[in-house]
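Chain letters run A, B, ... following the sequence lines, proteins first and then strands; every chain starts at 1.
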Number of protein chains: 2
Amino acid sequence: MSTEPTRRPRPSTIQDVAREAGVSRAAVSKVIRNAYGVSDHMRAQVTAAIERLEYRPRVAARAMRGASFTLGFEIPQVGNDFLTMIVDGATEALADTPYQMIIAPLGRDQKGDVAINSLADRQVDGIVAISPRVDPAWLERVAERTPLVMIGRHDRSERYDTITGDDRSGAEQVMSHLLGLGHRRIVHLTIHPSRPEPPWAGQAGAEAHVVRTAVYRERMAVAGLEPQVVHTLFDGSEAHAATRTLLAAPERPTAVFAGNDTLAIGVLSAVAEAGLDARDVSVVGYDDVPIARHPLIGLTSVDQSGIELGREAVRLLLERLEGRTEAVRYEAEAVLRVRGSSGVLREG
Amino acid sequence: MSTEPTRRPRPSTIQDVAREAGVSRAAVSKVIRNAYGVSDHMRAQVTAAIERLEYRPRVAARAMRGASFTLGFEIPQVGNDFLTMIVDGATEALADTPYQMIIAPLGRDQKGDVAINSLADRQVDGIVAISPRVDPAWLERVAERTPLVMIGRHDRSERYDTITGDDRSGAEQVMSHLLGLGHRRIVHLTIHPSRPEPPWAGQAGAEAHVVRTAVYRERMAVAGLEPQVVHTLFDGSEAHAATRTLLAAPERPTAVFAGNDTLAIGVLSAVAEAGLDARDVSVVGYDDVPIARHPLIGLTSVDQSGIELGREAVRLLLERLEGRTEAVRYEAEAVLRVRGSSGVLREG
DNA sequence: GTGAAAGCGCTAACAT
DNA sequence: ATGTTAGCGCTTTCAC
């Protein structure tokens, strides 16, 4: 025979461990689950056998009967630094638990529900969803089966928990800041609304961006100013293009309030390319991503502590896994961080 | 009874679908796998039943017999823009396949092997590993079970595929650029080597960073200059601190070659804070992350096309899933993108 | 405290 | 072309 004799062709199973340790499969199962009813002696035997055989439980098999010890994160945009902060916070909160995190990114042209379904299909024990654009009714049905935390949307649900920043306060702070600096022509740049308008839209003005835009309109109205809202795609390149158009207009804005930092950074690049700076056009973002505080960027932004949101998401999920069933709403504080990208207009 | 009568408490299984469609379980299985031997009529029946019952196959159950249709990505640093580019490329390549991607990020203080194991435990059909710091011998054993592609390390393996940029050429271009600008005191900033030195270290100078550092030393030696290598952690904050120290030294460097863009951006922040710019200290990075081309950053960097690396990783994995067994090595071109962060010294 | 046996939902081999 | 059957590796009663 030409097959190598030494290599085990097959990873060891719980059966192998049981045989090796001279106990039953059930006994091994109890040991790896830290379940009740194992003698110290047996535990030692089994643990040794597990070591020797390099046994690792197959998660798929475990998931069929018990838990997968996996928490799934649905992330709409892998490169988004704000979402990264959330993941970092979650990672930290997961450190001393038996749970592993997996992230399901959105595929190209894919909606959040595909990724959320994919997590549910994989039998994760809990889901953190971040895509704002999924049907709440559908989400409730998912939450019937799998504990779920939704980050960034202000809707109220009986079945899943929600985590948000205080978007109203954050946007108020931005507007007070810009108006206080004397700006009058303030443009608001934000991601385009879902199109076609989903049937569940309007229901509670759920999305964070929608809240920010609403506050912008209110404050402009109160100040007796004409609002101008520009919609772009998620990524910064379109914000860049939109800003170029704005800057070329006869009456160019003196300030831009961007719906998030990714957009704001795109705005800044267009401003810089036009040879302008904060004394010509003030720019304010939202999320306070790490790069915002880079001295070459110096972006004024609203800190809603992504790290904390991620930590909290995990905490809520773990609570649910321990039995909580009533829905919880958590709101993080919003704090404006003023930096060089916003200021008073150049004189003359 | 107080239980709600209308809600199915249990998601439907293949059995339910079979019953509903009046066929066997195997028949349903064939339909969902697009397998050979189903009449059009039966397919229609089954598809309709699947719709009606909102049936979704449990991935865990499928994985136990067949495939999980899942590709796993082990990512050492979620916030790293270079890795994000890889994921984006992979997402694109996966768009028209039945495979779903999941990302396993490293937990706090966790090594890459934990995440890779976690993916293997979850029965993914293939793994893309990016952590450079895992034992190649161990990796080979993982690859015996699960098709594996390693990105960013130059080792040669019989069992897994490797994808790298041309780090030698990239580093050569950086050094030629800086030396050509007339710089003599060039410092190289890179991530610290594994400590303690792993037993498999030195074996082929596998890591990308190690190659870049080696080229730096060679070129400095050839130019008759004194090399100075500074090691930091992965994230930019330590690079920032290290740079402050460098700038405070009596003979401060006139150029810094950073091992990657994350570090380079940290360097830039320290340079800016010291009130200096490219005419005082040139900075060059590696990876050409998106923010590098932002006009306020303008970081000279080596483009090794992360997008392409990600696309290629998926391509190689899919090839293996279709039966390829010989290992493949793929090397992407490296191209220096010169921007404002590097230039000739200020006169006087 | 321990083990035997049933079964989770699915696919693959083998009937028919 | 379709149905039957035997598991995959694990957890969970439920006996002992």
message = Could you check whether B/Arg320 pairs with B/Asp161 (Lys NZ or Arg NE/NH1/NH2 to Asp/Glu carboxylate O, under 4.0 Å)?
response = yes
task = For A/Arg122 and B/Thr70, run side chain to side chain donor-acceptor pair (under 3.5 Å): C-alpha distance rounded to whole Å, both residues' side-chain angles, the deciding distance at 0.1 Å, then the answer.
result = CA-CA 9 Å; A/Arg122 276 162 188 75; B/Thr70 309; 2.6 Å; yes
ask   = Tell me: CE of A/Met42 to P of C/dG3, nearest whole Å?
value = 7 Å
message = Distance check needed: D/dT2 C1' versus B/Gln45 CD, whole Å only.
response = 14 Å
Side chain to side chain donor-acceptor pair (under 3.5 Å) assessment of A/Ser29 paired with A/Arg33 = CA-CA 6 Å; A/Ser29 175; A/Arg33 283 176 299 130; 3.0 Å; yes
ask   = Could A/Asp155 and A/Arg153 be called an ion pair, given the rule that one side-chain N must be under 4.0 Å from one carboxylate O?
value = yes
query = Got a salt bridge between B/Glu54 and A/Arg141, using NZ or NE/NH1/NH2 to carboxylate O under 4.0 Å?
reply = yes
message = Could you measure the distance from the CD1 atom of B/Ile102 to the CE atom of A/Met101? Nearest 0.5 Å is fine.
response = 12.5 Å
query = Given that B/Gln123 and B/Val23 both sit by DNA chain D, which one's nearest nucleotide is further toward the 5' end?
reply = B/Val23
query = For the helix from C/dG1-D/dC16 to C/dT16-D/dA1, how many degrees between its two end axes (five pairs per end), to the nearest 10°?
reply = 30°
task = Would you give a per-nucleotide map of nucleotides 5-15 of chain C, 5' to 3', where B means the base has a protein non-hydrogen atom under 4.0 Å away, S means only the sugar-phosphate does, and - means neither?
result = -BBBBBBB---
key: Residues forming a salt bridge (charged side-chain N to carboxylate O under 4.0 Å, His left out) with A/Glu312, sequence neighbours excluded   = A/Arg315
request  = Would you check if B/Ile86 and B/Ile151 make a side-chain contact, meaning some heavy-atom pair closer than 4.5 Å?
outcome  = yes
remark   = Between CG of B/Asp40 and P of D/dA1 the distance, given in whole Å, is 10 Å
